[in-house]
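A quick write-up on the structure given underneath.
In what follows, every heavy atom counts, from backbone to side chain, and hydrogens, waters and symmetry copies are set aside. Only a predicted model underlies this, so the values are computations on that prediction, with no experimental measurement involved. Sequence lines set the chain letters: A, B, ... in the order given, protein chains first and strands last, and positions in each chain run from 1.
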Amino acid sequence: MNTLDEIEAQIPALRRYAHALMRDAEAGDDLVQDCLERAVAGHRARRADGSLRAWLFSILINRHRDLMRRAPRPGHLVAVDDLAVEPSRPPGQEDHMALRETEAAIARLPDDQRRALLLVVLEGASFNEAAAALDIPLGTLMSRLARAREALRGMTGRERPGRPTPARHPAGRPER
Amino acid sequence: MTQPQTPLSDEELIAYFENALPPEARAALEERLAADPEARAKLEDWGAQDAAIRALYGTSPDAPVPERLTDVLRVPAAPRPVRAPLRLAAMLALLAIGGTGGWVSHAWLGPEAGATQLAEAALTAHGTYVVEVVHPVEVPASQREHLDTWMSKRMGTQMRPPDLAASGFALMGGRILPSEDGPAGLYMYENADGKRITLYVSPQRDKADSAFEYAGHGTTQSLYWKDGGLGYAVVGDMPRDRLRDLAIEAYDQML
């Protein structure tokens, strides 16, 4: 299997991740195409020791960063009833609202948190893989994931008023 | 035995949740978890988040991959598909059949307004700038690298003016112009006799490709076509055959 074949084998995973990041299949494929063009141009210069998969995701992530810088958060304020993505599995009627809420909440996450969370949840990346692809230290990745998850909880109303909420960090969500 | 414990931090919980703890640490954390209902509620919600995210975006990886993506890997040397000569032949054949029928005069705007708009814009731009002595172009060809990056950036697509030296025309430079559907580019060329021609390139709302067509004001003629979401028009004061040869030369290089 040559490198181009190995790259091709990663296309479904790249598409899935890009689709989730962009919340749009077409825009996601644009991002993947951009990533693949760079990968094809640069794969000979790549260090042979690292994982090809992490390398491809890091290219895609860097392209996404550029894209978001150029067009600052398009759709960052997505209406709750704008479910941009057709759920890949038909959910039960009662789950539908929860999915819409999650969709809208993910759209509101800061880009760096969204990239980290989707990489781990959707692609099953290990902490080390994800930290490498995102080019951040392990500790940063973990706190980013924690903040993303708690922000999602807050936005989807999972923190019900009746529940004791002492463990909430005094620093609140916007960290650093 | 059960001593008061510090609540589990989110970072600890994340490591536990993602199964990234060594067995002893995991066991110790589970002990603390038993006494921390808030942390257990978090873990439960995080599990629900994962399920929701996978339901939303976990498209099955065996969905057909669009050809445009696999094509990138097939033709590593030339990412853009090589143009079939047949298409050019077909476009020229249509041009011949269209003959004078393809003519669009200044005053007459026919049903295909989108295409004639392209020709009109190109003719207007040509008329405005070829007469300029001091500032015919915004960025001169001597700054070719800057010209290409700047025009590409403004147009949002790779822009490289064709080399028309074979027909005796040298690039003078280019400029950006406003157009209906976004920034358009205008390249100007000059031959040894001081005759100037322009190549106008503009984004098209209608992405359909088209055959070559003529339009013109008096002696100024335009040969225009649409390809890959862009409209192109070569404009000059010269016989149509000459213009056609230049257009073919440009067409072969633009894609």
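Across all their heavy atoms, A/Glu150 and B/Trp46 have their closest contact at OE2-NE1, 3.0 Å. A/Phe127 approaches B/Ala15 most closely through the heavy-atom pair CE1-CA, 4.0 Å. For A/Arg16 against B/Gly58, the heavy-atom pair with the smallest separation is CD-CA, 4.0 Å. Closest approach of A/Arg149 and B/Ile14 over heavy atoms only: CD-CD1, 3.7 Å.
A 4.5 Å side-chain heavy-atom check between A/Arg15 and B/Leu69 finds at least one atom pair inside the cut-off. Side-chain atoms of A/Ile11 and B/Leu73, non-hydrogen and from C-beta on, do get closer than 4.5 Å to each other. Put simply, the side chain of B/Arg74 reaches to within 4.5 Å of the side chain of A/Glu8, judged on heavy atoms. Under the 4.5 Å side-chain criterion, counting only non-hydrogen atoms from C-beta, A/Met142 is not in contact with B/Glu18.
Atoms CG and CZ, from B/Leu56 and A/Arg23 in turn, are 11.0 Å apart once rounded to the nearest 0.5 Å. Taken from OG1 in A/Thr156 to CD in B/Gln49, the straight-line distance is 6.5 Å, to the nearest 0.5 Å. The distance from atom CD1 of B/Ile53 to atom CD1 of A/Ile106, rounded to the nearest 0.5 Å, is 4.0 Å. Taking CG of B/Asp50 as the start and CG of A/Leu152 as the end, the distance is 10.0 Å to the nearest 0.5 Å.
Classification of A/Arg153 and B/Glu44 as a salt-bridged pair fails, no side-chain N sitting under 4.0 Å from a carboxylate O. Salt bridge absent: A/Glu37 and B/Arg68 never bring a charged side-chain N and a carboxylate O closer than 4.0 Å.
Neither the backbone nor the side chain of B/Ala39 has a heavy atom closer than 4.5 Å to any heavy atom of chain A. Heavy atoms of A/Asp30 lying under 4.5 Å from chain B belong to its backbone as well as its side chain.
Other residues, nucleotides and ligands contribute over 12 non-hydrogen atoms within 6.0 Å of the CZ atom of B/Arg40.
Chain B forms more heavy-atom pairs under 4.5 Å with one residue of A/Leu14, A/Val120, A/Asp29, A/Asn128 than with any other, namely A/Asp29.
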